[in-house]
Amino acid sequence: MKQNISDGIDLLDAFVQKINLIDPAPYVTFVISNENKRLSIIGGSSNSLNIIHITITEKLGVLKDGECSIKAEFFKQFAKKARTLDTITLLFDYDNVNKYPILAATELVHGDQGRYCQSFEAHQPHIEYYRQLSQKQSFEIQPRHCHEIIHIKNKYKDFKGIYINAEQQTVRVINGDDVLVYDCPETLIDFPTTVYLTGDTVRTLNRMNTCSPSKTLSLYAEQEQVLLSSPTGHFSSLNNIPDQINANITAVQDSEICFIAENGILIQNELNILNSKLNEIKNTNTGFLYFSKCYLYILATGSTIKTIAKLKTEIASQFNEELLYQFTLTHIKGINSNESSLIKANYNKTNIPKITMTIYKTADNTRKLEIKHSKSGILKTIPIEKDNNSENIERIKDIIQLDEKFKEKAKLAENTQLELLDDDGM
């Protein structure tokens, strides 16, 4: 039997890669239907099965309707040689002894050696899974959904998975050890369900989106499994939401502080300056966040140099006390929007981006600072420590008072200059 189908090539590769040779049931199962001109192949792991459909386009002998299984190790080795660029060739035959067909390794048929595998009665859990597929309720995923998910994956070097919350309209991305939180991009606002997709599942999604003739996929999600389906195949993966995601959701819900800065450009500029302009500050490698009433102060100090920026809140937690936190400056190095630098972007007074700073406790009782851009999501998530040292708090207050004092002097000097200009003008 030959199958001429360029669309199915990548799915065959994905199917073979997911065959688990150490599974308790290391089999690959075939379902043959001459009426539908289709061969369905089932395999993978017992708790995560996959199916591909191959259209029968050329018969080399009589391929009987029915179901059978072979050892997975033979198919995994054989399938690598079963196709050319646009053809999948599967050779079956029957003998006078066995009810089930023999499968041949085609690359050896033309030589002096042959490799053959006798099939046997179909592994029933595979057949049951195959028959239950039509009963599963699924959601349609549009091409724009697939493209956005793949785009997000490609933005992150250490991408491990994505959690889409359709109800809350948020996206959480695991990038290495960090959990990055976004508002849903416009192309995902109508995503049909809440689901976690592993990095491997997103790679499969990419392949299936490329191979699907209709370009529309179906998604079925339950507590422990995600199933992606197209006319050419069905691929499943475990859907266990990682502890990182659950801990992040809980932590942000129980956040210690949530501060939204009106001027995102100012806050990003200040954080970048701490790391790039002043060597004395860089050498201390320590920054401070001080929250008081409706203001956030970003500070750093050296032996002779002090820097401070004051930001007014738009919406914030109610600060019932003055709160001081310390963080390592190098952790915020290069804090730019994932799409472009806030500083270089063309914003006007009506669309200045906002920065949300959330401090929360993690499961191990440490604290994290999450810095989020209103348009393109998380900029950074870094460790941060609460500083309850009264001497440090007083020292920070002294810097704030110094800052206010010099601002008053600056205003007075500006007014004096204006008065002198008025006198000269007269």
Side-chain angles (χ1 to χ4, degrees), residues 3 5 7-33 38-55 66-83 88 90 92 100 103 105 117 119-138 141 146 160-161 195-212 217-242:
Q3 159 62 9
I5 175 169
D7 286 344
I9 297 297
D10 283 340
L11 288 189
L12 178 66
D13 290 343
F15 179 88
V16 171
Q17 287 172 11
K18 291 176 180 292
I19 291 175
N20 181 5
L21 297 180
I22 61 173
D23 189 78
Y27 312 123
V28 169
T29 298
F30 302 97
V31 178
I32 304 155
S33 173
R38 190 171 78 175
L39 172 69
S40 298
I41 309 175
I42 309 159
S45 297
S46 294
N47 60 354
S48 183
L49 289 172
N50 311 293
I51 301 173
I52 56 174
H53 302 300
I54 296 177
T55 302
E67 304 155 353
C68 62
S69 293
I70 64 169
K71 292 292 181 69
E73 61 178 342
F74 183 84
F75 186 83
K76 189 158 188 169
Q77 291 299 318
F78 152 80
K80 294 176 183 178
K81 306 294 184 180
R83 64 172 177 82
I88 300 170
L90 304 176
F92 292 87
Y100 301 102
L103 182 65
C117 185
S119 65
F120 42 86
E121 183 178 358
H123 183 57
Q124 285 308 300
H126 285 187
I127 300 301
E128 290 170 10
Y129 180 81
Y130 173 80
R131 290 172 179 166
Q132 288 170 2
L133 275 181
S134 60
Q135 302 171 17
K136 293 182 181 291
Q137 280 193 325
S138 59
I141 307 178
C146 299
K160 293 183 179 178
V195 67
Y196 175 71
L197 304 175
T198 65
D200 183 58
T201 303
V202 174
R203 284 188 288 274
T204 302
L205 175 76
N206 189 16
R207 284 173 174 163
M208 294 186 73
N209 179 61
T210 302
C211 295
S212 173
L217 305 182
S218 296
L219 180 145
Y220 169 79
E222 58 184 4
Q223 188 173 0
E224 296 181 352
Q225 194 178 69
V226 167
L227 175 69
L228 294 169
S229 296
S230 76
T232 52
H234 314 268
F235 284 80
S236 63
S237 62
L238 296 181
N239 188 34
N240 298 323
I241 298 177

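Side-chain atoms are counted along with the backbone in the values below, which use heavy atoms only and exclude waters and symmetry mates.
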Mind listing the closest non-hydrogen atom pair of [X] and [Y] along with its distance?
{"X": "Leu49", "Y": "His126", "answer": "CD2-NE2, 3.6 Å"}
{"X": "Thr232", "Y": "Leu11", "answer": "OG1-CD1, 3.0 Å"}
{"X": "Asn47", "Y": "Leu238", "answer": "O-CD2, 3.7 Å"}
{"X": "Gln17", "Y": "Lys76", "answer": "O-NZ, 4.1 Å"}
{"X": "His234", "Y": "Ser229", "answer": "ND1-OG, 2.9 Å"}
{"X": "Gln137", "Y": "Tyr220", "answer": "O-CD1, 2.8 Å"}

Residue pairs meeting salt bridge (Lys or Arg N to Asp or Glu O under 4.0 Å), one or both in residues 41-52, sequence neighbours left out, come to none
Can you tell me which residue pairs pass the salt bridge (Lys or Arg N to Asp or Glu O under 4.0 Å) test with a partner in residues 38-55, sequence neighbours excluded?
none
Got a sec: does the [atom1] of [X] have more than 12 other heavy atoms crowding it under 6.0 Å?
{"X": "Glu128", "atom1": "CD", "answer": "yes"}
{"X": "Ile22", "atom1": "CD1", "answer": "no"}
{"X": "Gln124", "atom1": "CD", "answer": "yes"}

[Y] and [X], any side-chain heavy atoms less than 4.5 Å apart:
{"X": "Leu133", "Y": "Leu227", "answer": "yes"}
{"X": "Tyr196", "Y": "Thr201", "answer": "no"}
{"X": "Ser40", "Y": "Tyr130", "answer": "yes"}
{"X": "Pro26", "Y": "Leu21", "answer": "no"}
{"X": "Ile70", "Y": "Tyr100", "answer": "no"}
{"X": "Phe15", "Y": "Phe75", "answer": "yes"}
{"X": "Ile141", "Y": "Cys146", "answer": "yes"}

Looking just at side-chain N and O atoms, do Ser48 and Ser45 make a donor-acceptor pair shorter than 3.5 Å?
no
Can you measure from [atom1] ([X]) to [atom2] ([Y]) and round to the nearest 0.5 angstrom?
{"X": "Glu67", "Y": "Ser119", "atom1": "CD", "atom2": "OG", "answer": "12.0 Å"}
{"X": "Ser69", "Y": "Ile41", "atom1": "OG", "atom2": "CD1", "answer": "11.5 Å"}
{"X": "Arg203", "Y": "Thr198", "atom1": "CZ", "atom2": "OG1", "answer": "7.5 Å"}
{"X": "Phe92", "Y": "Leu103", "atom1": "CZ", "atom2": "CG", "answer": "5.0 Å"}
{"X": "Cys117", "Y": "Glu73", "atom1": "SG", "atom2": "CD", "answer": "8.0 Å"}
{"X": "Met208", "Y": "Leu219", "atom1": "CE", "atom2": "CG", "answer": "10.0 Å"}

Taking ring pair (Phe, Tyr, Trp, His ring centres under 6.0 Å) as the definition, give me every residue that meets it alongside Tyr27, ordered by chain and number, with sequence neighbours left out.
Phe120, His123
Out of Asp13, Asp23, Asp200, which residue meets the salt bridge (Lys or Arg N to Asp or Glu O under 4.0 Å) rule with Lys18?
Asp200
Test log, rule side-chain contact (heavy atoms from CB on, under 4.5 Å), inputs Tyr129 and Ile51:
CA-CA 10 Å; Tyr129 180 81; Ile51 301 173; 4.0 Å; yes
Answer yes or no: is there a donor N or O on one side and an acceptor on the other, between the side chain of Asn50 and the main chain of Ser236, under 3.5 Å?
yes
